[in-house]
Amino acid sequence: MGEQQQPHLRTVVSYVKRGGRMTVGQQRAWDRLWPTWGTTVPDLPAGPIDFGGWFGREAPVVLEIGSGMGETTARLAAAEPEVNYVAVEVYEAGLGQLLLRAEQLGVDNLRLVKGDAVELLTSHVAEGALSTVRILYPDPWPKKRHHKRRLIQPGFVALLASRMAEGATLHLATDWADYAEQMLEVCEAEPRLRNAYDGWAPRPSWRPVTKFEQRARTEGRASRDLLFTRTTP
């Protein structure tokens with residue numbers, strides 16, 4: 001029998017709904033590509049997404065949660081043409097910038113979802129559908145009273161594990177030391193995940209150094225990566 005459907009996990013969200021208009025270039029990329037590449041969570045039909053139908057092929061599905069302005073996402077999708085790469089983000093201008101970057105790189109294996117990742121995973125991703133999940137530099141919510149808003153919590157990681165195929169990889173990265181410790185503790189407590197390393201993972205050479213990460217280095221914050229593998233149920 002399959003795993004039980006996960007309940008809705010929270011009453012607070014881990015993101016801020018940012019405003020701001022898209023630039024002319026972002027808007028043009030949006031107008032060209034969004035009708036084919038993009039959708040919103042509320043616009044998805046009931047039930048799991050047919051990723052093969054959406055991409056026009058069957059391939060391993062990589063889900064990146066919180067693609068930001070797309071600096072890393074576009075480059076990783078371009079470097080992995082053999083996968084079906086899905087990015088979920090709440091910030092419309094960020095999605096527009098990602099479309100612009102992807103178009104400049106000639107990427108065609110990328111699809112975008114605007115909305116809440118928890119709702120997407122709970123209602124629209126089948127159990128065992130994902131080969132890789134990436135959550136790179138989620139909002140750290142550094143004030144202690146806001147830590148409940150952090151995305152990496154036990155219920156959310158359990159939901160992720162249920163949507164990952166056996167042998168799938170969960171890759172996390174943050175430049176906030178206490179959040180890194182929380183990520184490690186939460187993921188190691190999930191019985192369906194196994195740490196691929198003894199503690200922190202070496203920084204993957206294929207992960208681009210973004211302006212965001214470079215600024216963190218300048219401010220004295222070291223990045224930490226975690227790589228976990230989905231084990232048998």
Side-chain angles (χ1 to χ4, degrees), residues 3 5-6 9-10 13-15 41 44 48-49 51-52 54-55 59-68 70 72-77 79-80 82-90 94-95 98 109-140 150-174 179-180 182-197 200-201 203-204 206-208 223-233:
E3 296 168 9
Q5 182 77 10
Q6 298 292 322
L9 296 175
R10 56 184 176 167
V13 295
S14 63
Y15 55 84
V41 172
L44 288 168
I49 297 170
F51 290 111
W54 197 11
F55 283 85
V61 178
V62 175
L63 176 66
E64 184 175 337
I65 297 173
S67 52
T72 294
T73 310
R75 292 165 67 180
L76 291 181
E80 299 176 285
E82 72 280 3
V83 306
N84 291 343
Y85 206 111
V86 180
V88 57
E89 171 61 56
V90 297
L95 291 167
L98 172 54
N109 63 322
L110 178 65
R111 300 293 183 267
L112 282 61
V113 182
K114 181 178 183 289
D116 185 357
V118 172
E119 185 178 353
L120 174 69
L121 288 160
T122 301
S123 301
H124 301 292
V125 177
E127 294 178 359
L130 305 175
S131 69
T132 301
V133 178
R134 291 174 180 152
I135 308 175
L136 307 178
Y137 300 95
D139 194 321
R150 287 176 168 177
L151 182 61
I152 307 304
Q153 307 282 355
F156 179 68
V157 171
L159 174 61
L160 284 179
S162 74
R163 278 22 181 192
M164 294 166 63
E166 182 181 345
T169 298
L170 172 62
H171 179 196
L172 308 174
T174 183
Y179 198 4
Q182 177 181 329
M183 290 176 173
L184 180 62
E185 180 180 354
V186 169
C187 290
E188 289 194 330
E190 169 51 52
R192 291 166 292 182
L193 296 178
R194 177 179 57 81
N195 196 339
Y197 294 89
W200 316 117
R203 189 193 185 285
W206 45 261
R207 183 165 67 75
S223 292
R224 292 176 173 86
D225 287 76
L226 289 168
L227 291 173
F228 280 78
T229 302
R230 171 65 153 88
T231 61
T232 54

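Side chains are part of it too, since the values below use all heavy atoms of this structure and drop only hydrogens, waters and symmetry mates.
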Asks: How would you list, by chain and number, every residue that makes a side-chain hydrogen bond (donor to acceptor under 3.5 Å, both in side chains) with N84, sequence neighbours excluded?
Replies: R57
Asks: May I ask you to decide if S67's main-chain N or O and E89's side chain share a donor-acceptor pair within less than 3.5 Å?
Replies: yes
Asks: Grab the two heavy atoms, one from A161 and one from R230, that are nearest each other, plus how far apart they are.
Replies: O-NE, 2.6 Å
Asks: Determine the minimum heavy-atom distance between S162 and L159, stating which atoms define it.
Replies: OG-O, 2.7 Å
Asks: Taking only residues two or more places apart in sequence or in another chain, which ones pass side-chain hydrogen bond (donor to acceptor under 3.5 Å, both in side chains) with R224?
Replies: none
Asks: Quick check: do P204 and D225 have side-chain heavy atoms less than 4.5 Å from each other?
Replies: yes
Asks: Could you go through V83 and T132, starting from their C-alpha distance and side-chain angles, then the distance that decides it, and tell me whether this counts as side chain to side chain contact (heavy atoms under 4.5 Å, CB included)?
Replies: CA-CA 10 Å; V83 306; T132 301; over 6 Å; no
Asks: My understanding is that only residues two or more places apart in sequence, or in another chain, count here; which of them pass salt bridge (charged side-chain N to carboxylate O under 4.0 Å, His left out) with R203?
Replies: E213
Asks: For V86 and F51, work out which heavy atoms get closest and say how close.
Replies: CG2-CE2, 3.8 Å
Asks: Decide yes or no for L98 and L110: does some side-chain heavy atom of the first lie under 4.5 Å from some side-chain heavy atom of the second?
Replies: yes
Asks: Tell me whether R134 contacts the main-chain N or O of T169 through its side chain, where contact means a donor paired with an acceptor under 3.5 Å.
Replies: no
Asks: Could you list the residues that satisfy side-chain contact (heavy atoms from CB on, under 4.5 Å) with Q153, not counting sequence neighbours?
Replies: R150, Q182
Asks: Between V90 and K114, what is the shortest heavy-atom contact and its length?
Replies: O-CE, 3.8 Å
Asks: What residues form a side-chain hydrogen bond (donor to acceptor under 3.5 Å, both in side chains) with E188, not counting sequence neighbours?
Replies: N195
Asks: For M183 versus L226, what's the shortest heavy-atom pair and its separation?
Replies: CB-CD1, 3.6 Å
Asks: Considering residues at least two apart in sequence or located in another chain, which fulfil the side-chain contact (heavy atoms from CB on, under 4.5 Å) criterion with P48?
Replies: A126
Asks: Mind listing the closest non-hydrogen atom pair of L112 and W54 along with its distance?
Replies: O-CH2, 3.7 Å
Asks: From E80 CD over to W206 CH2, what is the distance, rounded to the nearest 0.5 angstrom?
Replies: 7.0 Å
Asks: If the condition is ring pair (Phe, Tyr, Trp, His ring centres under 6.0 Å), which residues does H124 pass it with, not counting sequence neighbours?
Replies: none
Asks: Hey, does D116 have a side-chain heavy atom less than 4.5 Å from the side chain of V41?
Replies: no
Asks: Going by side-chain contact (heavy atoms from CB on, under 4.5 Å), name the residues that satisfy it together with A196, two or more places apart in sequence or in a different chain.
Replies: L227, T229
Asks: Within the 4.5 Å heavy-atom criterion, are F55 and V61 side-chain neighbours or not?
Replies: no
Asks: Establish, from distance only, whether the side-chain atoms of T73 and Y85 form a donor-acceptor pair under 3.5 Å.
Replies: no
Asks: Hey, is R192 close enough to E127 for a salt bridge, meaning N to O under 4.0 Å?
Replies: no
Asks: As an exercise, state the distance from OG1 of T174 to CG of L151, rounded to the nearest 0.5 Å.
Replies: 11.5 Å
Asks: Is there a side-chain contact between L120 and L44 (heavy atoms, below 4.5 Å)?
Replies: yes
Asks: Taking only residues two or more places apart in sequence, or in another chain, which ones meet Y179 in a side-chain hydrogen bond (donor to acceptor under 3.5 Å, both in side chains)?
Replies: none
Asks: Nearest 0.5 Å please: distance from the CZ atom of F228 over to the CG atom of L184.
Replies: 5.5 Å
Asks: Which one of L170, V118, L193, V125 satisfies the side-chain contact (heavy atoms from CB on, under 4.5 Å) criterion with L160?
Replies: L170
